[in-house]
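Written below as structure tokens is the structure these notes are about.
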2 protein chains.
Amino acid sequence: MPPKHKTADERLQLHTSILDAARELFIERGVEATTMREIAKRIGYSPTALYLHFKDKDDILRALCETDFLALAAGLQSIMGIPDVRQRLSMLCDGYAEFALSHPNHYRLMFMTPQPVIDKTELKMIHRGNPEQDAYAQLKSIVQDAFEGGHFRPELTNVDLISQTLWAGIHGACSLQISKGNDDWVEWRPISERIQMMRETLMIGILRPDQTKM
Amino acid sequence: MPPKHKTADERLQLHTSILDAARELFIERGVEATTMREIAKRIGYSPTALYLHFKDKDDILRALCETDFLALAAGLQSIMGIPDVRQRLSMLCDGYAEFALSHPNHYRLMFMTPQPVIDKTELKMIHRGNPEQDAYAQLKSIVQDAFEGGHFRPELTNVDLISQTLWAGIHGACSLQISKGNDDWVEWRPISERIQMMRETLMIGILRPDQTKM
DNA sequence: AAAGATAACTTGACGGCGTTAACTTAACAA
DNA sequence: TTGTTAAGTTAACGCCGTCAAGTTATCTTT
């Protein structure tokens, strides 16, 4: 019970321990179902202590998502160094899918929930368009390279449109798995097969027909 | 205030007026944000009256989704009569996307929210695999036809896998629009272009290369 | 050394939520 | 006429997110 003036380090420690506890609970039982009181109990503080570090519950969610966006981009960064541009594109699809499927609850928050929770104009940490921090910028930069290398079908001329189609395809496979993968209404093929086929279908559909093998 | 023994018709009328009010509110401000009290107030009953017709809030949601699944399949039914199988496939993609984008909140409930809300084993109204009531069965039946007609690339041999890839592709384009379409982080191309390109990309990626024109 | 200010909390409360239990009352059945 | 029952309502329970006010130990100033 003894309050004490804290160093910046100690303040940060509580800050991150709130985020860690919130992340665990959000992942464990979903964001709507976890309460501020639970988060507080898990770290041994009273519920209102959370409000000393975050404006409200959404603010915690926002902070977690911000971290996750950076983590996604960081995880994909190594792929940017692959020399062959078709391989790079292909690996980005796989890397993205792996992130989505191994962090389904993060992914849901990032890409499958309504918009207003995260107003990106408020995100100061991430710099838009910076390929080291923005996964869409990474994708677009690879697509730009491939476009300049003449790898796409001649009728495809818009780099954003191509990028958004690739993103949507992989996102569709991942998000359908996350939201409906346990639904036995459909006789699902294994998710690995579905990701693989999506990647190949997109590649064949987008790349120049002469040399589709990679 | 006068309670009265009701005919089956009158009971049904209240039943559907609850569903109508709930649907409006769910669409208007989202499912989590609408309360039982609001639904009740809108139809002029006390909150607990809803529990005479539905077990709980999720039960209302479940009933709405059930109706929506049937509506989706019904809306796509006319497409099943198109003679050319490639055209049929193409039109099914468009029809599905049109449903998703013109009923975004229904679509979110149906295909973008966590699984446990709707346990389809409890849905007695819809018959699984019946192409008149099950949109996935419609898709699969067209894919089956195309497969038997030799329209797919020779390496594609599993009808479920093909169906699920097509579904995922269109779903990806639609769901990304619904959850991120108003997000200016990305310079989105118009959604109609994105749907069209997705459809064409999937067709080229899946159909036999000789005659991709339709 | 004493007094005041402040950082870091906790306690208590507010209004609203989903839901249940108990009550009310009009219509029906015996 | 007298129950029984259908169709509600009222009141309450235990949650929830959040805010205002109170409480202390520490730091700062004199």
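Below, chains carry the letters A, B, ... as their sequence lines are ordered, and counting in each starts from 1.
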**Report entry** Rounded interatomic separation in angstrom, taking CZ from Phe54(B) and P from dT19(C)
**Finding:** 13 Å

Query - N/O donor-acceptor pair, side chain Arg37(A) with base dG17(D), under 3.5 angstrom - result: yes

Report task. Would you indicate what Thr34(A) reaches in the nucleic acid, counting non-hydrogen atoms under 4.0 angstrom: base, sugar-phosphate, or nothing? Result -> sugar-phosphate

Report task. Please work out if Leu14(B) contacts a base, only the sugar-phosphate, or nothing of the nucleic acid, heavy-atom cut-off 4.0 Å. Result -> sugar-phosphate

Requested in this report: Would you mind reporting whether Val31(A) and Leu25(A) have side-chain heavy atoms less than 4.5 Å apart?
Outcome: no

Report task. Report the nucleotide, chosen from dA8(C), dG18(C), dT18(D), that has the shortest atom-to-atom distance to any side-chain atom of Lys6(A). Result -> dA8(C)

Query raised in the report: When the distance from OH of Tyr45(A) to C1' of dT11(C) is rounded to whole Å, what number comes out?
Result: 17 Å

Query raised in the report: If you pin Glu38(A) and Lys55(A) to their nearest nucleotides in DNA chain D, which one's is more 5'?
Result: Glu38(A)

Query raised in the report: Closest to the His5(B) side chain: dA6(D), dT19(C), dG17(D)?
Result: dA6(D)

Query raised in the report: Are Leu72(B) and Tyr107(B) close enough that some pair of their side-chain heavy atoms sits under 4.5 Å apart?
Result: no

Requested in this report: Give the nucleotide from the list dT19(C), dG8(D), dA7(D) with an atom nearest to the side chain of Arg11(B).
Outcome: dA7(D)

Query raised in the report: Expressed in angstrom and rounded to an integer, what is the separation of Asp56(A) atom CG from dT18(D) atom P?
Result: 5 Å

Query raised in the report: Starting at NZ of Lys57(A) and ending at C1' of dC15(D), how long is that distance when rounded to a whole Å?
Result: 12 Å

Query raised in the report: Thr35(A) near the nucleic acid: base, sugar-phosphate alone, or nothing, with a heavy-atom cut-off under 4.0 Å?
Result: sugar-phosphate

Report task. Whole angstrom is fine here: how far is it from OH in Tyr51(A) over to C1' in dC14(C)? Result -> 13 Å

Query raised in the report: Rounded to whole angstroms, how far apart are CE on Met36(B) and P on dT20(C)?
Result: 10 Å

Requested in this report: Classify the side chain of Ser46(B) versus the base of dT10(D) as yes if they form a donor-acceptor pair under 3.5 Å and no if they do not.
Outcome: no

Requested in this report: Classify the side-chain pair Tyr51(B)/Asp59(B) by whether it contains a donor and acceptor separated by less than 3.5 Å.
Outcome: no

Report task. Begin with the C-alpha distance, continue with both residues' side-chain angles, and end with the deciding distance and a verdict on side-chain hydrogen bond (donor to acceptor under 3.5 Å, both in side chains) for Glu193(B) and Gln164(A). Result -> CA-CA 10 Å; Glu193(B) 279 185 34; Gln164(A) 286 159 25; over 6 Å; no

Requested in this report: Please confirm whether Phe99(A) and His106(A) have ring centers closer than 6.0 angstrom.
Outcome: no

